[in-house]
Amino acid sequence: MTDNSSTTRRTVTPAPLPEGITVRTAGADDVPALLTLLRADELAAMGETSLSVGEVDEWFDTPRALERNTALVLQRDGVLIGVWRVFRNFDDKYWAQVAIDRSLPAELVDELWEAGLAWAEKVALTTADDLGVTGPRLDLWVNEHDALTRRHAEAFGFQQMRAFIEMQIDLDGYVAPEPDPASPVVVRQAEVPDDGAVDLRTMYQIISESFRDHYDFQLRSFEDWVEAKHSDQLADPTHWYLAEIDGEAVGGLMGHNSYLEADNAGYVANLGVLRQGRGRGVAKALLRTSFTRYAADGRSAVKLHVDAESPTGATHLYESVGMYRRLVGFDFHKWPRA
């Protein structure tokens, strides 16, 4: 599926809302109120929140973000009480997000959830039509203890497709095992000072190729991948590493600052090993290098997410280096025209 960088979006008007509820386009000035709402929603759904201000800022901070995000805020008596959002990940894949103040009457919360999902589906279909895509998919993320989101997802026709496990290692007192002197694996920090850096393209190639066999993989062009990194204000190339065997790069790890603000934790956003490097200790070497560096930086933990049905047995790999399972979330999908 191609990924077009620009399109003129048509405005999608939601259905009439309950009396006293108004809706308007979200903007950068809404970030503080959105952060408060979304953190409260995460706390209600899963008992904790790791949402950072940067994750909300990036809805509005680049032309790419503004072109791919469609967000509405809901207000009552001038107070922000909800948000509906659609993000175009690919031309045929759209991520929906609905958050409503859960302290409101349950009937009103349910009504606004239903209206939000209906609006999100209409946005995805309208955008896909404009892009010439006939079979778009709508995605929704559901945390394991979030009964409200699961109930509305299932009622609206979403299907649970895959589970992802959040794993963590605590770094207090962390000391990596001594490397095997016979191991051929050499790990070094990636050097990516600019878009022309050789290591940048090497990382792209390793991550893209190593994930080809994984669930829901979709190849991005190098140019789109780089643009996405530039648009992500929490990306942290100072925590990117490449693993080499006999001078050939066979593995890569990309660190990220998703959990820095809330948890003082490092995050492994991507870890990939090419086929010729698998079974040779490449992933463990990359992880231990990352853990050591994060510990030296004063981080309290490192987190990552893993497909519970990973074809490479990644869950067991992470447990073997000291990580443990914390939370589970689920990808829900809906094909409106199926």
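Since the model is a prediction, treat every value here as computed from it, not as a measurement. In what follows, every heavy atom counts, from backbone to side chain, and hydrogens, waters and symmetry copies are set aside.
Counting non-hydrogen atoms of other residues, nucleotides and ligands closer than 6.0 Å to CD of E191 gives a total of 12 or fewer. Counted within 6.0 Å of CZ on R275, heavy atoms from surrounding residues, nucleotides or ligands total 12 or fewer; the atom is thus considered open.
Between the side chain of D30 and the main chain of G27, a donor-acceptor pair closer than 3.5 Å is present. Side chain of R288 to backbone of P179: no donor-acceptor contact under 3.5 angstrom is found. With hydrogens and angles disregarded, no donor-acceptor distance shorter than 3.5 Å links the side chain of N143 to the backbone of H145. The main-chain N or O of N264 is found under 3.5 Å from a side-chain atom of S300 such that the two form a donor-acceptor pair. No donor-acceptor pair under 3.5 Å is formed between the side chain of D77 and the backbone N or O of V79. The closest donor-acceptor contact from the side chain of D170 to the backbone of D172 lies at 3.5 Å or more, if one exists at all.
Between R325 and the options E144, E319, E166, a salt bridge (charged side-chain N to carboxylate O under 4.0 Å, His left out) holds for only E319.
Note on M254 and F222: same hydrophobic cluster, where clusters join Ile, Leu, Val, Met, Phe, Trp and Tyr whose side-chain heavy atoms are under 4.5 Å apart, directly or indirectly. V226 and L242 fall within a single hydrophobic cluster, where Ile, Leu, Val, Met, Phe, Trp and Tyr are joined by side-chain heavy atoms under 4.5 Å apart, directly or via other members. Linking ILVMFWY side-chain heavy atoms closer than 4.5 Å, directly or via other members, places L125 and F158 in two distinct hydrophobic clusters. Residues F217 and Y204 are members of one and the same hydrophobic cluster, defined by side-chain heavy-atom contacts under 4.5 angstrom among Ile, Leu, Val, Met, Phe, Trp and Tyr. There is no path of hydrophobic side-chain contacts, each under 4.5 Å, that joins Y324 to L287.
Taking CD from E114 and CD1 from I100, the interatomic distance works out to 11.0 Å, rounded to the nearest 0.5 Å. To the nearest 0.5 Å, the span separating OH on Y318 from CD1 on I169 amounts to 13.0 Å. Taking CG from L219 and CD from E209, the interatomic distance works out to 9.0 Å, rounded to the nearest 0.5 Å. Atoms CZ and OH, from F291 and Y174 in turn, are 6.0 Å apart once rounded to the nearest 0.5 Å. Within the model, atoms NZ of K229 and CG of D195 stand 12.5 Å from one another, a figure rounded to the nearest 0.5 Å. In this structure, CG on N69 lies 12.0 Å from OG1 on T25, to the nearest 0.5 angstrom.
Residues D110 and L148 meet the side-chain proximity criterion, which asks for heavy atoms closer than 4.5 Å. In this structure, S210 and R278 have side chains that are in contact, with non-hydrogen atoms separated by less than 4.5 Å. No side-chain heavy atom of K334 sits less than 4.5 Å from a side-chain heavy atom of L117. Residues V273 and R280 fail the side-chain proximity criterion, which asks for heavy atoms closer than 4.5 Å. In this structure, R299 and L260 have side chains that are in contact, with non-hydrogen atoms separated by less than 4.5 Å. The closest side-chain heavy-atom distance from L80 to L37 is below 4.5 Å. Between R150 and F332 there is a side-chain heavy-atom pair separated by less than 4.5 Å. Residues F156 and W113 fail the side-chain proximity criterion, which asks for heavy atoms closer than 4.5 Å.
The stretch residues 60-84 participates, sequence neighbours left out, in these ring-ring contact (aromatic ring centres under 6.0 Å, His included) pairs: W84-W119.
Classification of the Y294-H239 ring pair by plane angle, with boundaries at 30° and 60°, yields parallel.
Using a cut-off of 4.0 Å between Lys/Arg side-chain N and Asp/Glu carboxylate O, R64 and D232 are scored as not salt-bridged. Salt-bridge annotation for K93 and D139: absent, with no side-chain N of the basic residue lying under 4.0 Å from a carboxylate O of the acidic one. Using a 4.0 Å cut-off between charged side-chain N and carboxylate O, E227 and R68 make no salt bridge. The pair R39-E42 does not count as a salt bridge, with every side-chain nitrogen at least 4.0 angstrom from each carboxylate oxygen.
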Please test W95 against R85 for side chain to side chain contact (heavy atoms under 4.5 Å, CB included), starting from the C-alpha separation and ending with a verdict. CA-CA 8 Å; W95 183 61; R85 177 180 172 231; 2.9 Å; yes

Give the intermediate values and the outcome of side chain to side chain contact (heavy atoms under 4.5 Å, CB included) for residues R88 and D91. CA-CA 6 Å; R88 177 171 61 85; D91 290 355; 2.8 Å; yes

Test side chain to side chain contact (heavy atoms under 4.5 Å, CB included) applied to T62 and H230, step by step: CA-CA 9 Å; T62 66; H230 286 318; over 6 Å; no

Check step by step if salt bridge (Lys or Arg N to Asp or Glu O under 4.0 Å) holds for D129 and R337. CA-CA 12 Å; D129 285 346; R337 291 187 172 133; 3.0 Å; yes

Side chain to side chain contact (heavy atoms under 4.5 Å, CB included) between L304 and L271, worked out: CA-CA 9 Å; L304 55 74; L271 171 62; 5.6 Å; no

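Using modelled atom types, one finds no donor on one side chain facing an acceptor on the other under 3.5 Å when comparing H333 with D216. Judged by distance alone, the side chains of T149 and D146 do bring a donor and an acceptor atom under 3.5 Å apart.
Between Q160 and F330, the closest heavy-atom pair is NE2-CD2, 3.3 Å. Across every non-hydrogen atom of V282 and A243, the tightest pair is CG1-CB, 3.6 Å. The nearest pair of heavy atoms linking D29 to P32 is O-CD, 3.6 Å. Annotation for T292 and A176: closest pair OG1-CB, 3.5 Å, computed over non-hydrogen atoms. Here the shortest heavy-atom pairing between A124 and L138 reads CB-CD1, 3.9 Å. Residues V187 and A285 share a closest heavy-atom pair of CG2-CB, 3.8 Å.
In the hydrophobic clustering (ILVMFWY side chains linked at under 4.5 Å, chained through shared members), M46 is joined by L327. Within the hydrophobic cluster formed by Ile, Leu, Val, Met, Phe, Trp and Tyr side chains joined at under 4.5 Å, directly or through other members, Y259 is accompanied by Y267.
By the 6.0 Å and 45° rule, R220 stacks over the aromatic ring of F90.
Aromatic ring centroids of F211 and H214 lie under 6.0 Å apart.
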